[in-house]
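Beneath this line is the structure, given in structure tokens, with notes to follow.
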Amino acid sequence: MVNIALRAARNAGRIILRAMDRVDTLTIEEKGRNDLVSEIDRQAEDVIVETILRTFPDHGVLGEERGERKPLAGEREGAPLASRSNDAEYTWLIDPLDGTTNFLHGIPHFCTSIAVTRGAALLHGVVVDHVRNEQFSASRGAGALLNGRRIRVGRRDRLDDAIVAGGLPFASVAAHLDAYTDVLRDFMGRCRTLRRQGAAALDLAYVAAGRLDGFFEIGLRPWDMAAGAVIVREAGGFVGDAAGGDRFMATGNVVAANPKVFRDMLRVIRKSATEHADVNLSEG
């Protein structure tokens with residue numbers, strides 16, 4: 001499954017990279033405030049789905065951009081992704097272009113993210129940075145790789161020495177801005193530096209590779225987190241929700257780090273949540 005995910009991501013990458021020099025000619029829509037999608041996102045997702053279903057026609061597929069999966073020849077046109085995913089033993093979660101805003105503004109920091117789940121279990125994850133030709137991959141119980149070589153989370157054991165990345169999707173601003181601002185303030189007073197890079201899947205992969213020591217974000221969708229979460233865990237890191245539990249796929253609130261920094265990050269987040277009575281860390 002990892003090999004097929006990598007093949008699908010590379011197929012998408014060819015579409016994405018060819019479009020980098022003609023971004024000004026693309027058709028761009030705004031799904032929500034500052035939530036952009038282009039024809040390239042959709043073309044990339046289509047080729048990923050086609051690649052997967054040619055090998056695993058009975059698997060479910062849930063992508064960011066398409067409400068319906070792309071059927072193979074002879075299958076019913078317009079079969080809903082969600083119902084397909086609910087019926088299938090395995091489900092693929094796809095973000096064809098994580099970091100669309102970066103891509104559309106010529107910032108070379110974006111990726112393709114593909115994960116495989118079985119029920120609630122995260123089994124496989126692939127994150128491919130097409131610009132840097134970096135392929136992060138992992139399978140449950142088999143370790144994490146970057147271009148075929150083992151990777152591990154960083155060894156820094158204090159938040160004071162850590163580089164932390166974070167983000168707040170625009171869809172979550174209205175509900176969480178005050179709490180998020182307080183969390184940022186507290187992190188800035190503790191960690192070495194903060195980063196806001198605009199591609200959650202790559203941030204998680206960077207935690208797995210030890211480039212970042214921690215990552216947190218509020219209001220993500222499953223396809224933003226799933227692949228990166230597998231890779232972080234297989235690299236020896238912790239991934240959880242903002243309350244320290246395991247409901248990040250349901251809540252959309254995720255914290256990832258090496259084990260010691262993870263605990264310190266949760267303390268900072270809980271402190272800010274305690275000061276905001278309207279914030280429930282166990283809910284989205």
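Position 1 is the first residue of the sequence, and the numbers go up from there. Side-chain atoms are counted along with the backbone in the values below, which use heavy atoms only and exclude waters and symmetry mates.
Heavy-atom minimum distance, Val207 versus Gly214: CG2-C, 3.9 Å. The shortest heavy-atom contact between Val116 and Met1 is CG1-SD, 3.6 Å. Heavy-atom minimum distance, Gly166 versus Arg196: O-CD, 2.8 Å. Between Ala229 and Leu204, the closest heavy-atom pair is N-CD1, 4.2 Å.
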- What's the verdict on side chain to side chain contact (heavy atoms under 4.5 Å, CB included) for Val255 and Val239, showing C-alpha distance, side-chain angles and the deciding distance? CA-CA 6 Å; Val255 181; Val239 183; over 6 Å; no

- For Arg195 and Ile163, what are the C-alpha separation, side-chain angles and deciding distance, and is it a side chain to side chain contact (heavy atoms under 4.5 Å, CB included)? CA-CA 8 Å; Arg195 293 286 184 265; Ile163 298 176; 4.2 Å; yes

- Please report the C-alpha distance between Asp157 and Val261 in whole Å, then the side-chain angles of each, then the deciding distance to 0.1 Å, and finally whether the side chain to side chain contact (heavy atoms under 4.5 Å, CB included) criterion is met. CA-CA 6 Å; Asp157 57 6; Val261 171; over 6 Å; no

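Relative orientation of the Trp92 and His59 rings is tilted, given thresholds of 30° and 60° on the angle between their planes.
Partner of Thr112 under the side chain to side chain contact (heavy atoms under 4.5 Å, CB included) criterion, chosen from Val126, Ile48, Ile94: Ile48.
Separation of atoms CE (Met265) and CD1 (Ile269) is listed at 5.0 Å; rounding is to 0.5 Å. Taken to the nearest 0.5 Å, the CG atom of Leu122 stands 11.0 Å off from the CD1 atom of Ile231. In this structure, OG1 in Thr51 is found 4.0 Å from CG in Asn11, a value given to the nearest 0.5 Å. Atom CZ of Arg155 and atom CG of Asn258 lie 11.0 Å apart (nearest 0.5 Å). Taking CG of Asp186 as the start and CZ of Arg267 as the end, the distance is 14.0 Å to the nearest 0.5 Å.
Applying the side chain to side chain contact (heavy atoms under 4.5 Å, CB included) test to Arg190 and every residue at least two apart in sequence or in another chain returns Leu159, Asp160, Asp264, Val268.
Here the two rings, on Phe216 and Phe187, have centers that are under 6.0 Å apart.
Between Asp161 and Arg156 there is no salt bridge, since no side-chain N of the basic residue sits under 4.0 Å from a carboxylate O of the acidic one. Salt bridge Arg7/Glu50: absent, no basic N to carboxylate O contact under 4.0 Å.
Listed for the Asn253 side chain is a donor-acceptor partner under 3.5 Å among the backbone atoms of Gly219.
Dense packing is recorded around CZ of Arg132, with more than 12 heavy atoms of other residues, nucleotides or ligands lying under 6.0 Å away.
Looking only at atom types and distance, the side chain of Asp241 has no donor-acceptor partner in the side chain of Thr251 under 3.5 Å away.
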Side-chain donor-acceptor pairs of residues 135-145 under 3.5 Å, sequence neighbours excluded:
unit_1: Gln135; atom_1: OE1; unit_2: Arg10; atom_2: NH1; d: 3.1
unit_1: Ser139; atom_1: OG; unit_2: His124; atom_2: ND1; d: 2.8

